[in-house]
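Below is one structure, written out as structure tokens; comments come after it.
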Amino acid sequence: MKFHKSLLTIAALLTIGILGGCAAADPGTPPEVAIDGVPVIVGQSVPKELEDQGFETNAKDLFLLKMPDNSWTASIFLQKGGTSYANLTLVNDTKEEKLVNQCVIEELGFYALEDTNKDIDLTINGINPIGMTQEALKEAYPDLELDDATSDYLFHYLRNGEYSVCFEYTKGVLTDIDVRHTFEKSYETK
């Protein structure tokens, strides 16, 4: 009898261990990004949705209309009215060739925010961070992880599971913002 109880206890513990190990990690919640009031969800949105709102990409200029299966590219720029808004990292994680404007936006890179792009309409979680001091940024985003390095280049992060927003400061001025969703980068780049 003791043997059966021990065996049942071991089986129950193994079952709990197996079921607990199978539980998926929390993927997190994507940041709410809007460009000129148009929402973009990294890990879900595709360039076609932005094209329908008046944006363009440089894919045709690159003669890159389709992406091969299981590939990614970081060479696409999002433009509107002659202004380059963001660099897009696109992923085709299917087993078929896919039109570029149907591939998933996994990363958005906003650059030259202290200069050329200081006037773009960008919000992250309802706040336009362009031009903010580091102190104002921390106040606006209480969960911000501050870089405590003593260099001229600082990287402050908002992280939520598979999603992150990196605010880059150069000599105390916000210059770049990268919004990312983690994706498999073992694919071939195009």
Side-chain angles (χ1 to χ4, degrees), residues 21-113 115-130 155-168 174-190:
C22 292
D26 180 12
T29 304
E32 296 172 13
V33 177
I35 307 169
D36 274 356
V38 178
V40 182
I41 303 170
V42 291
Q44 296 177 27
S45 295
V46 298
K48 175 74 170 109
E49 296 165 7
L50 295 166
E51 290 171 0
D52 291 345
Q53 299 296 320
F55 287 92
E56 302 172 339
T57 67
N58 65 331
K60 290 179 186 171
D61 298 338
L62 299 173
F63 301 103
L64 183 63
L65 302 179
K66 293 184 178 181
M67 285 180 55
D69 61 298
N70 292 321
S71 64
W72 63 279
T73 184
S75 58
I76 304 297
F77 287 92
L78 183 66
Q79 305 161 340
K80 185 176 183 183
T83 300
S84 181
Y85 279 73
N87 175 260
L88 306 177
T89 298
L90 303 178
V91 172
N92 176 6
D93 64 357
T94 68
K95 295 181 180 183
E96 300 173 358
E97 187 176 61
K98 201 173 195 181
L99 290 172
V100 168
N101 70 357
Q102 294 298 317
C103 293
V104 176
I105 300 169
E106 293 288 355
E107 297 180 8
L108 290 163
F110 301 95
Y111 305 104
L113 299 175
D115 187 28
T116 309
N117 291 330
K118 67 182 176 200
D119 296 324
I120 65 172
D121 181 8
L122 168 67
T123 61
I124 298 173
N125 296 340
I127 299 164
N128 184 344
I130 298 173
F155 303 90
H156 307 309
Y157 289 92
L158 288 175
R159 299 181 206 265
N160 191 326
E162 298 173 355
Y163 302 93
S164 68
V165 180
C166 175
F167 300 92
E168 182 179 339
L174 179 63
T175 57
D176 304 333
I177 299 173
D178 292 306
V179 181
R180 296 183 179 117
H181 174 250
T182 302
F183 70 96
E184 180 62 50
K185 288 190 170 118
S186 65
Y187 301 143
E188 152 185 10
T189 62
K190 295 291 173 194

What pair of heavy atoms forms the shortest contact from [X] to [Y], and how long is it?
X: P31; Y: V179; result: CG-CG1, 3.6 Å
X: A74; Y: T89; result: CB-OG1, 3.7 Å
X: G109; Y: D178; result: CA-OD1, 3.4 Å
X: I124; Y: P129; result: CD1-CG, 4.3 Å
X: T57; Y: E51; result: OG1-OE2, 4.0 Å
X: E96; Y: D69; result: N-CB, 3.5 Å

Do [X] and [Y] have side chains that approach each other closer than 4.5 Å (heavy atoms only, starting at C-beta)?
X: P47; Y: L90; result: yes
X: I177; Y: V165; result: yes
X: I120; Y: L113; result: yes

For D36, side-chain contact (heavy atoms from CB on, under 4.5 Å) partners two or more places apart: F55, K80, Y85, D121
N117 side-chain N/O to Y111 backbone N/O, donor-acceptor pair under 3.5 Å: yes
Residue among T94, D93, N92, V91 satisfying side chain to side chain contact (heavy atoms under 4.5 Å, CB included) with S71: N92
Could you go through residues 38-46 and list every donor-acceptor pair under 3.5 Å that involves a side-chain atom there, pairing it with any protein atom two or more places apart or in another chain?
unit_1 : atom_1 : unit_2 : atom_2 : d
S45    : OG     : I41    : N      : 2.8
S45    : OG     : I41    : O      : 3.4
S45    : OG     : E49    : OE1    : 3.4

Plane angle bin for H181 and Y163 - parallel if under 30°, tilted between 30 and 60°, otherwise perpendicular: tilted
